[in-house]
Trainee: 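Let me begin by handing over the structure; questions about it come next.
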Amino acid sequence: MDTHARTRSTIESPLAIVAALHEEIAGLIDRMPDEQRERHAGRDFWCGQLHGQPVVLVLCGIGKVAAATTAALLVERYRVGRIVFTGVAGGLGPGVRVGDVVLARQFLQHDMDASPLFPRHEVPGHGRSRFDADPLLTDGLELACERMLSVLPTQLPPATVQAFGLQAPRLHQGLLLSGDRFVATTAESRALQAELPDALAVEMEGAAMAQVCHDLGVPLAVVRTISDRADDSAHVDFPRFLREVASRYSAATIEALFTSASPACGSTASAPGQTAP
């Protein structure tokens, strides 16, 4: 199959939208007038359309195993052609602040360690520690993030902006770390920063999903809203941040993705004069 045929086949397949927490996709479910809910392997899958495009929304749960299982189910059972993961993460990189957005270009499991048989962080059997995000799908998500950040932050209630210090949120792109522990102390954060200085943020699912997508040949893009700095200074009211900021960022970003002109999304551009949600 040539490149154009593969691209056409991928676009014709459903796009999967994945999150670890219900609030991160609840707004999108509400925008699917024809969704059909299915329960499989302990997960809820919502199948339907967004802006005329076939989609599958799923709540994968927290952690690398949950993410890997979900990715495999999406590809093997639901035959999705692309996967977009949205949610929150802890900031690690310099200048990555609460309310900023991190778009993954690479993934690494910070708790993978099969040494001395393999170098630390290397995934046995793959000969690598880092997996790449799909460039075409991620470029489309980059445009969506820029559209979202140009509009939505100015529409948040002043009390929300003040509570979380959301001043001129920025988009960062680069390395995203994943591991099966919640990083929330300065000691852990500094250790990761010293070992992996180019890391921008840390969460618990992305790198595992990236490995599965690599194995199965499915494009993946991951976007994360920074909810805290993954250290002792993390005093954020997480439920409130998730409800008032992160969930709105996620919904607006995916909406912008579907109204962009990116061929990776199988969508069309907004009409002249339209703005991102």
Trainee: Could you tell me whether Glu205 and Arg224 make a salt bridge, using a distance below 4.0 angstrom between a side-chain N and a carboxylate O?
Mentor: yes

Trainee: Does the side chain of Val222 come within less than 4.5 Å of Phe107's, by heavy atoms?
Mentor: yes

Trainee: Before accepting this row, confirm whether a basic side-chain N of the pair Arg130/Glu122 lies closer than 4.0 Å to the acidic partner's carboxylate O.
Mentor: no

Trainee: Just checking, any donor-acceptor pair under 3.5 angstrom between side chains of Glu24 and Ser247?
Mentor: no

Trainee: Give a yes-or-no answer on whether the side chains of Ser13 and Arg82 include a donor-acceptor pair shorter than 3.5 Å.
Mentor: no

Trainee: Is a donor from one side chain sitting under 3.5 angstrom from an acceptor on the other, for Glu195 and His110?
Mentor: no

Trainee: Any non-hydrogen side-chain atom of Met32 less than 4.5 Å from a side-chain atom of Leu57?
Mentor: yes

Trainee: Answer yes if the side chains of His172 and Asp100 hold a donor-acceptor pair under 3.5 Å, and no otherwise.
Mentor: yes

Trainee: Is it true that Asp228 and Arg97 make a salt bridge, defined as a side-chain N closer than 4.0 Å to a carboxylate O?
Mentor: no

Trainee: Please check if the number of heavy atoms outside Arg190 that lie under 6.0 Å from its CZ is greater than 12.
Mentor: no

Trainee: Do Gln109 and Gln211 meet the criterion of a side-chain donor-acceptor pair at a distance under 3.5 Å?
Mentor: yes

Trainee: Indicate the ring-plane relationship of Phe131 and His214, choosing parallel, tilted or perpendicular according to the 30° and 60° boundaries.
Mentor: perpendicular

Trainee: For Phe45 and His40, take the angle between the two ring planes, folded into 0 to 90°, and tell me which bin it lands in: parallel under 30, tilted 30 to 60, perpendicular over 60.
Mentor: tilted

Trainee: Answer yes or no: is there a side-chain heavy-atom contact under 4.5 Å between Tyr249 and Pro153?
Mentor: yes

Trainee: Test Asp111 against every option in Arg120, Lys64, Arg181 by the salt bridge (Lys or Arg N to Asp or Glu O under 4.0 Å) rule and name the one that passes.
Mentor: Lys64

Trainee: Could you check whether atom CD of Gln162 has more than 12 heavy atoms from other residues, nucleotides or ligands sitting under 6.0 Å from it?
Mentor: no

